[in-house]
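The structure under discussion appears below in the form of structure tokens.
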Amino acid sequence: MIKMFLSRPWLHFVLLGTLLYVAKSAIFPEPMPQLGPPAESRLVLVSDNFFELTRRRPSEAEWEGLIDRELREELLFREAIDQRLHLRDSAVAQRLILNMRFLYSDSPLSDSELVQQGLALRMHLTDEVIRRRLVQVMERLLAASAAISPPTEGQLLELWTANEAEYAVPERYSFSQVFLPSERAVEQDAISALISQGDLSAIDARQLGGPFLAGFEFDARSAAQLRRQFGQQFAEAFATLEKRAGSWVGPLTSAYGLHWLYIRDVIPARIRPLDEVRMEVERSWRAEQESAAVDAAVTRLMAHYEVRRL
């Protein structure tokens, strides 16, 4: 074998070339593609969007988080383009058609031709709606590719316990009302006196007042529902009262007028048991697992880039 190697000089060049290539790759590796820094125009957009939501500028820590999110979205957008997802998504196609029709309203081209022209103009790389769509598609693709096993009973119980407040049903009230419009406020004392005597049923007492658009019978209403229907002033006053089934409370003031309530039933607050909310808990558990899987995939993909924040 040694004699054969020595007698064939071309093998020397092959071996030497291989060794030089390996040495070069080890000493001078191929540079990784660069991710970031975010373009100034995008940072302005991110800052403006934050201000629109919060009416203030982000703190230093919040700004770092916004840059992290921008880099993450840029990564997912690039990966989506590399996988040619923009060529297979109907929403992207519709957006390109809409943009092209806007730019060339009298164009005789068909929808498919407009899509091809939009792609040729690289419109898919600069349109914010398309960018967000492709980021979402890429996230769903990464989540779907993760091997997520069904949750165990213990995992569901742990998640349900940790989020009991989400499955709470607040105290609710069923009542009948007597309504007195604002223009008849002078009758308030007389109606209160008649109701306080206790001789009138809720139906009979109703005749003392006036009509109410939402009706007179209310079943299983929470404090939040009362606030939405009758207003903040009514809800705050109602919260301070003792509510017992079979008793009257009021009058309570709302934007509509005065209300006397006959409490028919008080339904105590409770936590819905796991068996009652199993499907909700399972959806929450899977959403958490998918989010963690996407985060892990993004971390793996990010390792193949030279990330520049500024």
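We use all heavy atoms of the structure for the numbers below, so side chains are in, but hydrogens, waters and symmetry mates are not.
- To the nearest 0.5 Å, atoms CG (Leu194) and CG (Asp204) are separated by 11.5 Å.
- Within the 4.5 Å cutoff, the side chain of Leu66 has heavy atoms near those of the Pro58 side chain.
- The closest side-chain donor-acceptor pair between Trp260 and Ser192 falls under 3.5 angstrom.
- For the pair Asp295/Arg72, a side-chain contact is recorded, criterion being any heavy-atom separation below 4.5 Å from C-beta on.
- The number of heavy atoms from other shown groups lying within 6.0 Å of CZ (Arg56) is above 12.
- When the shell of 6.0 Å around CZ of Arg69 is examined, it contains 12 or fewer heavy atoms from other residues, nucleotides or ligands.
- With a 4.5 Å cut-off on side-chain heavy atoms, Glu217 and Ser176 count as touching.
- Both tests pass for Arg57 against the ring of Phe51: distance under 6.0 Å to the centre and angle within 45° of the axis.
- Proximity of the aromatic rings of Phe179 and Tyr256 is defined here by a centroid distance below 6.0 angstrom, and this criterion is not met.
- The closest donor-acceptor contact from the side chain of Ser47 to the backbone of Leu43 lies at 3.5 Å or more, if one exists at all.
- When atom types are taken as modelled, the side chain of Asn163 and the backbone of Leu159 share a donor-acceptor pair closer than 3.5 angstrom.
- Taken to the nearest 0.5 Å, the CG atom of Asp82 stands 9.5 Å off from the CG atom of Leu85.
- For the pair Leu252/Leu241, a side-chain contact is recorded, criterion being any heavy-atom separation below 4.5 Å from C-beta on.
- The closest side-chain heavy-atom distance from Leu134 to His124 is not below 4.5 Å.
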Check step by step if side chain to side chain contact (heavy atoms under 4.5 Å, CB included) holds for Leu142 and Leu76.
CA-CA 10 Å; Leu142 292 175; Leu76 293 172; 3.7 Å; yes
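- Side-chain atoms of Arg264 come within 3.5 Å of backbone N or O of Phe218 as a donor-acceptor pair.
- Below 30°, between 30° and 60°, or above 60°: for His259 and Phe212 the angle between ring planes is above 60°, a perpendicular geometry.
- No side-chain heavy atom of Leu109 sits less than 4.5 Å from a side-chain heavy atom of Gln116.
- More than 12 heavy atoms of other residues, nucleotides or ligands shown are found within 6.0 angstrom of CG on Leu87.
- One finds the OG atom of Ser107 at 11.5 Å from the CD1 atom of Ile97 (value rounded to the nearest 0.5 Å).
- Rounded to the nearest 0.5 angstrom, Met279 CE and Asp275 CG are separated by 13.5 Å.
- Here the closest non-hydrogen pair linking Asp111 and Arg101 is OD1-NH2, 3.0 Å.
- Tracing side-chain contacts under 4.5 Å through hydrophobic residues (I, L, V, M, F, W, Y), one reaches Val294 starting from Phe77; they form part of the same cluster.
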Could you walk me through whether Arg272 and Val169 satisfy the side chain to side chain contact (heavy atoms under 4.5 Å, CB included) test, starting with their C-alpha distance in whole Å, then the side-chain angles of each, then the deciding distance to 0.1 Å, before giving a yes or no?
CA-CA 7 Å; Arg272 290 182 292 166; Val169 178; 3.6 Å; yes
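- Within a 6.0 Å radius of CZ in Arg132, other residues, nucleotides and ligands contribute 12 heavy atoms or fewer.
- Summarising the geometry, atom CG belonging to Leu114 is positioned 9.5 Å from atom CG belonging to Leu96; distances are rounded to the nearest 0.5 Å.
- When the side chains of ILVMFWY residues are joined at heavy-atom separations under 4.5 Å, either directly or via intervening members, Val249 and Leu180 end up in two distinct hydrophobic clusters.
- Results of the side chain to side chain donor-acceptor pair (under 3.5 Å) test with Arg227 over Gln232, Gln233, Glu236 single out Gln232 as the only residue that passes.
- In terms of heavy-atom proximity, Ala143 sits nearest to Ile148 at O-CD1, 4.5 Å.
- Within the 4.5 Å cutoff, side-chain heavy atoms of Phe238 are placed close to those of Lys243.
- With respect to Glu74 and Arg78, a salt bridge is recorded, a charged nitrogen being found less than 4.0 Å from a carboxylate O.
- Under the 4.5 Å side-chain heavy-atom criterion for grouping Ile, Leu, Val, Met, Phe, Trp and Tyr, Tyr167 is not connected to Ile267 through any hydrophobic cluster.
- Looking only at distances, a side-chain donor or acceptor of Ser174 sits under 3.5 Å from a matching main-chain atom of Ala220.
- Taken together through direct or relayed side-chain contacts under 4.5 Å among Ile, Leu, Val, Met, Phe, Trp and Tyr, Val92 and Val129 form parts of separate hydrophobic clusters.
- Environment of CD in Glu62: crowded, with over 12 heavy atoms of neighbouring residues, nucleotides or ligands closer than 6.0 Å.
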Take Arg278 and Glu153, measure what side chain to side chain contact (heavy atoms under 4.5 Å, CB included) needs, and give me the verdict at the end.
CA-CA 10 Å; Arg278 182 174 299 275; Glu153 188 70 13; 2.9 Å; yes
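- Taking a 6.0 Å sphere around CD of Glu128, one finds it holds more than 12 heavy atoms contributed by other residues, nucleotides or ligands.
- We find the CG-CZ distance between Leu208 and Arg206 to be 11.5 Å, quoted to the nearest 0.5 Å.
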Tell me, with the steps shown, if Phe175 and Tyr262 meet side chain to side chain contact (heavy atoms under 4.5 Å, CB included).
CA-CA 5 Å; Phe175 58 88; Tyr262 178 74; 5.8 Å; no
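- Under the 3.5 Å distance criterion, the side-chain polar atoms of Ser145 are matched with a main-chain donor or acceptor of Leu141.
- A continuous path of ILVMFWY side-chain contacts below 4.5 Å connects Leu125 to Val135, so both sit in one hydrophobic cluster.
- Taking the salt bridge (Lys or Arg N to Asp or Glu O under 4.0 Å) definition, one finds that Asp265 meets it with nothing, sequence neighbours left out.
- Scanning both residues, Gln188 and Pro251, for their nearest heavy atoms gives NE2-CG, 3.5 Å.
- For the pair Arg309 and Asp68, the minimum side-chain heavy-atom distance is below 4.5 Å.
- With sequence neighbours excluded, no residue forms a side-chain hydrogen bond (donor to acceptor under 3.5 Å, both in side chains) with Gln117.
- Of all non-hydrogen atoms in Leu156 and Leu274, the two that sit nearest each other are O-CD1, 4.3 Å.
- The heavy-atom pair separating Arg133 from Ala91 by the smallest distance is NE-CB, 3.5 Å.
- For the residue pair Glu164 and Ile271, the shortest heavy atom distance occurs at O-CD1, 3.8 Å.
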